[in-house]
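Residue numbers start from 1 in every chain, and the chains themselves are labelled A, B, ... in the order their sequence lines are given, proteins ahead of strands.
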There are 2 protein chains.
Amino acid sequence: MTITQLKYALAIAEHKNFTKAAEKCFVTQPTLSTQIQKLEDELDIVIFDRGKKPIELTDVGRKIVYQARNIVNEADRIQDIVDQQKGFIGGEFRLGIIPTIMPTLLPMFLKTFIKKYPKVKLKIEELTTEEILARLSDGHLDAAIAATPLESDNIKERVLYFEPFVAYIPDNHRLNDKKTIEVSDLSIDDMLLLEDGHCFRDGVINLCKSFKDQTDENFQLESGSIETLIKLSNEGMGMTLLPYLHTLDTIEKLGPNLRHFKEPSPAREVSIIYHKSELKMQIIDAIHNVISGIIRGAIAFQNVEIISPKAK
Amino acid sequence: MTITQLKYALAIAEHKNFTKAAEKCFVTQPTLSTQIQKLEDELDIVIFDRGKKPIELTDVGRKIVYQARNIVNEADRIQDIVDQQKGFIGGEFRLGIIPTIMPTLLPMFLKTFIKKYPKVKLKIEELTTEEILARLSDGHLDAAIAATPLESDNIKERVLYFEPFVAYIPDNHRLNDKKTIEVSDLSIDDMLLLEDGHCFRDGVINLCKSFKDQTDENFQLESGSIETLIKLSNEGMGMTLLPYLHTLDTIEKLGPNLRHFKEPSPAREVSIIYHKSELKMQIIDAIHNVISGIIRGAIAFQNVEIISPKAK
DNA sequence: AACTATGATAAATAACACTTATTTGAGTCG
DNA sequence: CGACTCAAATAAGTGTTATTTATCATAGTT
């Protein structure tokens with residue numbers, strides 16, 4: 001049994017196809033066939049059921065593949081240890097970011113990061129929290145930036161910053177006259193929300209619920225992006241809440257309609273999250289440091305109250 | 001990097017000597033030399049400092065070897081999964097047992113076990129709790145039988161049985177007239193104890209302490225075995241406590257001097273303990289089942305109070 | 001029935017782990 | 001200081017093994 005064989009098995013389990021898996025492993029298909037056969041012979045069990053299309057795992061096969069994942073992960077940490085020793089920060093790094101953080105944080109962060117750590121090949125994907133959790137678990141992501149706390153097993157969180165909510169009140173809205181608003185002013189009835197699946201939506205629902213416990217599902221229109229949320233709001237569909245960073249570069253356009261909360265302002269906790277195996281930890285540290293440095297300048301608020309992203 | 005190379009590195013780290021390590025790996029010394037060199041070249045670091053005699057690990061080397069241990073352990077679990085699938089119970093199994101359990105439990109257990117699981121090559125060692133914990137951690141033991149709870153990280157416990165203490169009261173002792181005795185009768189002052197390092201000693205100290213809180217270190221004579229403990233007691237050196245199972249096969253000799261406790265009788269918890277990685281779990285299950293079956297017949301007590309083996 | 005997709009097999013080759021034999025180097029003793 | 005000893009490194013040869021290209025077998029599709 002070799003680590004290579006285990007990697008092959010993982011690739012096949014993932015793609016359910018020898019040929020595609022072979023490409024991903026940069027070898028030919030017969031190589032996979034023979035190596036998997038050797039592995040199966042050595043263990044004297046069948047891992048893959050080639051009878052079905054697409055290929056399926058046998059019951060033992062599933063357990064073997066699960067354990068193979070552990071072994072390969074642990075083996076990868078050897079390189080990790082070496083990198084750490086050499087102070088080397090580099091290699092491919094796959095970072096997931098949730099949609100409501102992506103557009104505002106990324107421009108601020110990316111330039112500084114690639115300048116400071118030119119050897120890191122960042123691959124950034126916009127994903128929902130749910131997708132992120134799945135991909136962190138199966139090793140397709142190295143880390144992600146999301147609203148926390150998530151309290152998921154296997155996944156560790158490291159807080160980056162707290163981002164206050166800012167209210168966007170369209171003209172003619174009942175709250176438009178107020179200079180600062182309070183959480184108690186909010187009502188789920190005239191609140192525009194993002195589509196289901198966005199954790200920013202859940203955070204906002206939590207916020208309202210904490211003062212009005214009506215779980216009626218007759219919400220207002222829902223949108224997929226914060227941009228359209230603002231447009232809908234301007235159409236008189238209701239008020240909405242925006243993450244603070246989003247208001248920074250749109251202040252001249254949105255300014256007249258923005259209302260900050262009276263402190264302690266409600267806020268979401270934004271963290272970098274990663275698998276508990278702490279693979280590529282030095283790059284995670286690097287990202288954490290860069291973002292912390294940037295945010296220190298951008299968010300001055302001190303007195304905030306954290307809203308959980310999980311709708312209970 | 002191959003699993004074989006990692007195993008070689010582990011062997012060298014353990015023996016601090018290439019030649020001896022090579023023997024243990026059933027290869028020649030040059031094989032180790034070249035394979036370790038290849039590993040070091042591939043990672044571009046030095047793992048072993050050959051300058052010193054005996055060989056030492058470098059700082060990175062220590063981390064690498066630690067991680068190698070994890071990888072090899074995880075890799076061994078593949079065979080474990082396969083064995084479990086096939087219902088195969090066999091292979092080498094190293095079991096540690098503490099001295100105060102060894103002589104009584106082993107004769108009862110061994111015969112039944114090797115009859116039921118003839119393919120398991122049991123290697124049993126008598127070790128103190130401290131030695132057991134160290135060897136479970138570094139993988140030199142597969143499991144052990146000891147008094148619990150230990151509350152050690154990395155180690156899991158599975159209770160086998162509760163073994164009551166039985167008092168041995170020599171003739172002319174102040175308690176000799178009593179038919180049953182109580183915990184409150186005990187005094188650390190006329191109590192014979194095992195040597196330091198035996199957890200049975202700690203358990204007994206705990207028992208006395210819980211009613212007399214004098215931590216005076218002027219204990220009576222201490223002995224290394226329960227046999228001499230009884231002899232010393234007969235010499236008038238004081239009373240002592242015995243584990244219940246020990247009294248079973250010596251009942252005709254010791255009978256007149258034995259006094260059972262009034263229920264709830266103080267008792268020690270005896271468990272099979274093993275590394276949290278749960279290697280060779282099916283053999284651990286087998287041992288657990290065999291011992292449970294035996295003990296059900298031997299210990300009838302129900303109403304017991306558990307005494308911790310850790311002197312606080 | 002021809003086509004397509006996909007995995008298995010065969011033969012050749014390049015890489016590799018391992019062995020025996022020998023060399024190098026460091027510490028030790030007369 | 002040179003001879004001796006122990007342990008690791010190196011060299012050369014050999015059998016093994018991972019991998020490749022080319023080909024075949026099979027099942028599902030059009």
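- Between the side chain of Gln282(B) and the backbone N or O of Ile89(B), no donor-acceptor pair lies under 3.5 Å.
- Residues from residues 56-70 of chain A with heavy atoms under 4.0 angstrom of DNA chain D: there are none.
- For Arg69(A) and Asp138(A), the salt-bridge test fails: no basic side-chain N is under 4.0 Å from an acidic carboxylate O.
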* Asked: Would Ile291(A) and Leu105(A) count as a side-chain contact (heavy atoms from CB on, under 4.5 Å) if you check the C-alpha gap in whole Å, the side-chain angles of each, and the deciding distance to 0.1 Å?
  -> CA-CA 8 Å; Ile291(A) 294 183; Leu105(A) 183 62; 4.0 Å; yes
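- Between Lys276(A) and Asp153(A) there is no salt bridge, since no side-chain N of the basic residue sits under 4.0 Å from a carboxylate O of the acidic one.
- The existence of a salt bridge linking Glu278(A) and Lys156(A) is confirmed by a sub-4.0 Å separation between a basic side-chain nitrogen and an acidic carboxylate oxygen.
- Between the CD1 atom of Ile3(B) and the P atom of dA18(D) there is a distance of 13 Å, given to the nearest Å.
- A salt bridge is absent between Glu56(A) and Arg50(A): the closest approach of a Lys/Arg side-chain nitrogen to an acidic carboxylate oxygen does not fall below 4.0 angstrom.
- Regarding Gln35(A), its CD atom lies at a distance of 13 Å from the C1' atom of dC16(C), rounded to whole Å.
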* Are Ile97(B) and Ile124(B) close enough, and set up right, to give a side-chain contact (heavy atoms from CB on, under 4.5 Å), and what steps lead you there? -> CA-CA 7 Å; Ile97(B) 308 185; Ile124(B) 296 174; 3.8 Å; yes
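- DNA chain D is contacted by no residue of residues 38-49 of chain B, taking any non-hydrogen atom closer than 4.0 Å.
- A salt bridge is defined here as a Lys NZ or Arg NE, NH1 or NH2 lying under 4.0 Å from an Asp or Glu carboxylate O, and Asp44(A) with Lys86(B) meets this definition.
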* Kindly indicate, with the supporting measurements, whether the criterion side-chain hydrogen bond (donor to acceptor under 3.5 Å, both in side chains) is fulfilled by Glu23(A) and Thr19(A). => CA-CA 7 Å; Glu23(A) 279 172 33; Thr19(A) 315; over 6 Å; no
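- Checked for salt-bridge contact, Asp142(A) and Lys123(A) miss the test: no charged N lies under 4.0 Å from a carboxylate O.
- Partners of Thr31(A) under the side-chain hydrogen bond (donor to acceptor under 3.5 Å, both in side chains) rule, at least two apart in sequence or in another chain, are Thr28(A).
- Contact check on Arg62(A) versus Asp59(A) returns a salt bridge, with a Lys/Arg side-chain nitrogen under 4.0 Å from an Asp/Glu carboxylate oxygen.
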Report each atom pair, protein N/O against N/O of nucleotides 6-12 of chain C, whose distance is under 3.5 angstrom.
| residue | atom | partner | partner atom | Å |
| --- | --- | --- | --- | --- |
| dT6(C) | OP1 | Asn17(A) | ND2 | 3.4 |
| dG7(C) | OP1 | Phe18(A) | N | 3.2 |
| dG7(C) | OP2 | Asn17(A) | OD1 | 3.4 |
| dG7(C) | OP2 | Phe18(A) | N | 3.0 |
| dG7(C) | OP2 | Thr19(A) | N | 3.1 |
| dG7(C) | OP2 | Thr19(A) | OG1 | 3.1 |
| dA8(C) | OP1 | Arg50(A) | NE | 2.8 |
| dA8(C) | OP2 | Ser33(A) | OG | 2.5 |
| dA8(C) | N7 | Gln29(A) | NE2 | 3.0 |
| dA8(C) | N6 | Gln29(A) | OE1 | 3.3 |
| dT9(C) | OP2 | Gln37(A) | NE2 | 3.2 |

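- Between Thr31(A) and dT20(D) there is a side-chain polar atom (N or O) within less than 4.0 angstrom of OP1 or OP2.
- In this structure Glu157(B) satisfies the side-chain hydrogen bond (donor to acceptor under 3.5 Å, both in side chains) test with no other residue, sequence neighbours excluded.
- Taking the C1' atoms of five terminal pairs at each end of the helix from dA1(C)-dT30(D) to dG30(C)-dC1(D), the two resulting helix axes are inclined by 10°, rounded to 10°.
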